Amino acid sequence: MFHLLEKTIQEAFHAQILAQFGIDLDVATEQPRQSSLGELAVPAAFQLARQLKQAPKKIAAELVDGIGPIDGVAAMEVAGNGYINVRFDREAYAEGLLRPVPRSDSSVNERIIIEHTNINPNKAAHIGHLRNAVLGDTFVRMLRAAGNRVEVQNYIDNTGVQVADVVVGFHFIERKTPDDVRRLIDDPAVRFDYLCWDLYARTSADYSASPDASGWRAETLHAVESGSGTLAELAHLVADAIVTLHLKTMLRLGVEYDLLPRESEILHLKFWAAAFELLKERRAIFLETEGKNKGCWVMPPEAFAGDSGTEDSKVIVRSNGTVTYVGKDIAYQLWKFGLLGKDFYYRPMMRYPDGHELWVTTDEPQPANGPVPTFGRGTRVFNVIDVRQSYLQDVVVAGLKALGAVEQAARSIHFSYEMVALSPRCCIELGIELSAEDRQRPYVEVSGRKGLGVKADDLIDRLVDKALEEVAVRHEDQPAAEQRRIASEIAIGALRYFLLKFTRNSVIAFDFQEALSFEGETGPYVQYAAVRARNILRKLEERGETLPSFATELSGEALRGAVESEDFWQMLLAASKADVALDRAIVSGEPAHLARFAFQLAQSFNNFYHQYHILTEENRERRTFLLWMTEFFRTQLMRTLGILGIQTPEYM
RNA sequence: GCGCCCGUAGCUCAGUCCGGAUAGAGCGUUUGCCUCCGGAGCAAAAGGCCGUAAGUUCGAAUCUUACCGGGCGCACCA
């Protein structure tokens, strides 16, 4: 509604400026400094002032005189040095919200692919992984809410060094057989991902101590690549078990995927070989004959050095003939755009409780068992990867460009974000020893290799426990299982909001006290507002009344009377901006902006809630209006929370 | 050395892409608010040379340059 009117106003000014001054100006609108000045401000006169060599104030006055009436606008006035402040026709606006005219969504032909999570399947997920998954998942929800078709991929590097290191730990250090490991995986008393977390840290430490270790790793990697033998079997066991556990952890947060593309298939289906041929053909890479990279296939720095600041070539194929991670990533990126000329085979992996099916890649044709969705062939690709990999993402994009896929290169978006580090206080709390130097720092980097970090499930458990305490105090009459379900919704709301409230390029110095807070700018605050709104409506029903049909019971006259009140008008206006907030958050690529809107919306409702007593209102018409506001707030709050992946509990 | 990011209230952060009216939140501090739809709430106060300096502009937290602090990249690791 707000959006439409804003557009109407912009178009009206655009046409008027063109007619009056012959200038084709892209008309911007902004929020007036104070709400009392109107709903929108048009600063166009300032932009025109230079070209016309006239005072902005004069231009603004001429524009207002010339433009004539605009549908939905009640008044326009010149203010300050030349602002044009626009006042909406409040009644018409409220009418539009009360009795919305259905409009058909423009069909979108884009196929957006978002890759996120991508955790190495060799240990438990940690807080940094959660930031990735929550950012990715929320952006997916945002795009889908705006009507886009989105495919979610979670890439599984099941043949890499990190898995190999855990295999080394099991095989060479702990002397465990595949059967031993299988027993550990099946033992309900063992948290296999936690066990691997510790084993991985120990193995990593051993590498620096033991002279045999690097040989072990090479042997394991080789075995994993060939796909046969005890070491390969161990790698499969570990990776598959950990992937299953990661999916479970992510599901606690409401994060689901469409497809798990796996590195093993990229290898077995020779994706790299196909990409290698393409890169050689187009001379995007060449065989280095001298210097330190002699014998390697490299990409010259000119291809990607634009802003990555390096003067060195990037090795794509090592002198021993094996491909680097970037090489594989170029192949994968080509496949995402349908440019590789090859495809995976697919099989359904599991069905989520909500019925959604998760698929995984395989390296051989599957027996026909119902339709297989189309994967890949994207028109736009977002890779949710932390900012430290910018350089490598630049190389991947350069690869596409060098292959002539300029369009696709431009549509390859590195959806980057800063790391989650630990605050010094948090380290102390976790019993982590800090060097004197580290104690001085604002934060300490998480390191899987050192086993330094906050495990995702531990954090979620702590949040649930804390929420449960609160729920138990307030609702001791509810069954325990019920309390736990509510607590879990609150905990997830707190966690997702906490991870989303920071903009992407802000480093999060993780701190338990902040993350565990349920007050102020937090998820539970927003949830609480939605719950309060619902409580009112429930209370109404408990009194034997039903929710009025607002569209028929609220007359235009009643509406006009209500929105004449500045208070009501501002609240209604604020609540009607959910779509605008969503659009802006998508354009800026900042889920944080939508999170902030949710918070402001909740503030606005709490304000309304506190100020007006809805159920005790004696004036019937006014009460109906108040109920409508409540219902409107509730809908907008729940919808926005839903896009953030946060549920609204039944009670709090 | 080169490149990227950050520096805004005691603390944690929005606002910077696209310059505009009196720079905003939350936490913390201080003070009020339960006869009232549940206080995980509401109201209010105190708290800022927006890192520094120059430049562009009618106008700069926002654009340019230099400098000062801090972080991260620049592997035949991923």
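Proteins come first, then strands; the chains are lettered A, B, ... in the order of their sequence lines, and each starts at number 1. Treat the numbers as computed from the prediction; the structure is a model and nothing was measured.
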Under the rule of Watson-Crick or G-U wobble with both distances under 3.5 Å, where | means paired to another strand and [ ] a crossing pair, RNA chain B maps to (((((((..((((......[...)))).(((((.......))))).....(((((..]....))))))))))))....

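- Aromatic ring orientation, A:H129 versus A:H246: tilted (interplanar angle from 30° to 60°).
- Judged by atom type and distance alone, A:R596 does not reach the base of B:A25 through any side-chain donor-acceptor pair under 3.5 Å.
- No hydrogens or angles considered: nothing links the side chains of A:E115 and A:N154 as a donor-acceptor pair under 3.5 Å.
- At the phosphate of B:A40, neither OP1 nor OP2 sits under 4.0 Å from any side-chain N or O atom of A:R532.
- Nucleic acid contact class of A:Q603 (heavy atoms, under 4.0 Å, all strands): sugar-phosphate only.
- Rounded to the nearest Å, the gap between the P atom of B:G10 and that of B:G51 is 13 Å.
- Contact annotation: A:H610 does not reach the phosphate of B:C36 (side-chain N/O to OP1 or OP2, under 4.0 Å).
- Summarising the geometry, the separation between CD on A:Q600 and P on B:G24 is reported as 13 Å, rounded to the nearest angstrom.
- Backbone-only engagement by A:V507 is indicated by non-hydrogen atom pairs under 4.0 Å involving sugar-phosphate atoms exclusively.
- With P as the reference atom, B:U31 and B:A54 are 43 Å apart, rounded to whole Å.
- Looking at A:S319, its side chain comes within 3.5 Å of the base of B:C76 through a donor and an acceptor atom.
- If you take atom C1' in B:U57 and the same atom in B:A45, they sit 38 Å apart, rounded to whole Å.
- Only the P atoms considered, B:U16 is 23 Å distant from B:C27, to the nearest whole Å.
- Here A:F382 and A:F139 bring their ring centres to under 6.0 angstrom of each other.
- Listed pair A:Q513 / B:C11 fails the phosphate criterion, with no side-chain N or O lying under 4.0 Å from OP1 or OP2.
- When heavy atoms are screened at a 4.0 angstrom cut-off, A:Q162 is found touching no nucleic acid atom at all.
- The aromatic ring centroids of A:F599 and A:Y525 lie less than 6.0 Å from each other.
- As a whole-Å value, the separation of A:F597 CZ from B:G15 C1' is 17 Å.
- Within the 4.0 angstrom heavy-atom criterion, base atoms lie near A:A41.
- If you take CE of A:M419 and P of B:C72, they are 5 Å apart, rounded to a whole angstrom.
- Residue A:N607 is in sugar-phosphate contact alone, with no base atom involved, counting any heavy-atom pair closer than 4.0 Å across all strands shown.
- Remark: the A:H613 side chain and the B:C37 base include no donor-acceptor N/O pair separated by less than 3.5 Å.
- Here the side chain of A:E521 is nearest to one of B:C76, B:G26, B:A78, namely B:G26.
- The side chain of A:S506 approaches B:C13 more closely than any other nucleotide in the set B:G73, B:A40, B:C13.
- Using a 4.0 Å cut-off, no side-chain N or O of A:N606 falls inside it from OP1 or OP2 of B:G41.
- Closest to the side chain of A:E445, from the set B:C37, B:A40, B:C72, is B:C72.
- For A:N505 and A:I486, each mapped to the nucleotide of RNA chain B holding its nearest heavy atom, the one lying further toward the 5' end belongs to A:N505.
- For A:Y325 and B:A78, the shortest distance from a side-chain N or O to OP1 or OP2 is not below 4.0 Å.
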Between the protein and nucleotides 61-64 of chain B, list the N/O to N/O atom pairs that are separated by less than 3.5 angstrom.
none

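- Rounded to whole angstrom, the span from the OH atom of A:Y417 across to the C1' atom of B:C5 amounts to 16 Å.
- Closest approach to the A:T324 side chain among B:G71, B:G39, B:C76 is made by B:C76 (side chain taken as heavy atoms from C-beta onward).
- Note on A:K328: nothing from the nucleic acid sits closer than 4.0 angstrom, heavy atoms only.
- Counting atom types as modelled, A:N85 pairs a side-chain N or O with a base atom of B:A21 as donor and acceptor under 3.5 Å.
- For the pair A:F605 CZ and B:G41 C1', the computed distance is 11 Å after rounding to whole Å.
- Using a 4.0 Å heavy-atom criterion, one finds that A:V395 contacts no nucleic acid atom at all.
- Residue A:F518 places its side chain closer to B:A40 than to any other of B:C13, B:C72, B:A40.
- Across all strands shown, A:Y651 has no heavy atoms under 4.0 Å from either base or sugar-phosphate atoms.
- Closest to the side chain of A:R388, from the set B:A40, B:C72, B:U12, is B:C72.
- Glycosidic conformation, B:C58: anti, with the torsion outside 90° of 0.
- Rounded to whole Å, the separation between the C1' atoms of B:C50 and B:A25 comes to 15 Å.
- In this structure, A:F502 places its CZ atom 16 Å from P of B:C6, rounding to the nearest Å.
- Classification of the A:Y609-A:F605 ring pair by plane angle, with boundaries at 30° and 60°, yields tilted.
- Of the inter-residue distances, the one linking A:R485 atom CZ with A:L468 atom CG reads 13.0 Å to the nearest 0.5 angstrom.
- Going from the P atom of B:G48 to that of B:C5 covers 31 Å, rounded to whole Å.
- Nucleotides B:G7 and B:C49, compared at atom C1', are 15 Å apart to the nearest Å.
- To the nearest angstrom, P of B:A40 lies 12 Å from CG of A:N535.
- Screening residues 593-605 of chain A for side chain to side chain donor-acceptor pair (under 3.5 Å) gives A:S588-A:H593 as the qualifying pairs, with residues at least two apart or on separate chains.
- Listed nucleotides: B:A40, B:G26, B:A14. Nearest to the side chain of A:H593: B:A14.
- In this structure, A:I490 reaches the bases: a heavy-atom distance under 4.0 Å links it to at least one base atom across the strands shown.
- Remark: A:R449 fails to qualify as a cation-pi partner of A:Y200 under the 6.0 Å distance and 45° angle criteria applied to the six-membered ring.
- Under 4.0 angstrom from either OP1 or OP2 of B:C76 there lies no side-chain N or O belonging to A:T322.
- Residue whose closest nucleotide on RNA chain B sits further toward the 5' end, between A:T503 and A:Y612: A:T503.
- Of the candidates B:G41, B:A21, B:A43, B:A21 carries the atom nearest the A:P32 side chain, counting heavy atoms from C-beta on.
- Heavy atoms of A:L540 sit nowhere under 4.0 angstrom from any nucleic acid atom.
- With P as the reference atom, B:G69 and B:A23 are 31 Å apart, rounded to whole Å.
- Contact check, A:Y497 against B:G26: no side-chain N or O comes under 4.0 Å of OP1 or OP2.
- Counting non-hydrogen atoms under 4.0 angstrom, A:Q611 reaches nothing in the nucleic acid.
- Whole-Å rounding puts the A:Y525 OH to B:A25 C1' distance at 11 Å.
- Across every non-hydrogen atom of A:C426 and A:V454, the tightest pair is SG-CG2, 4.4 Å.
- Of the candidates B:C76, B:A25, B:G73, B:C76 carries the atom nearest the A:N293 side chain, counting heavy atoms from C-beta on.
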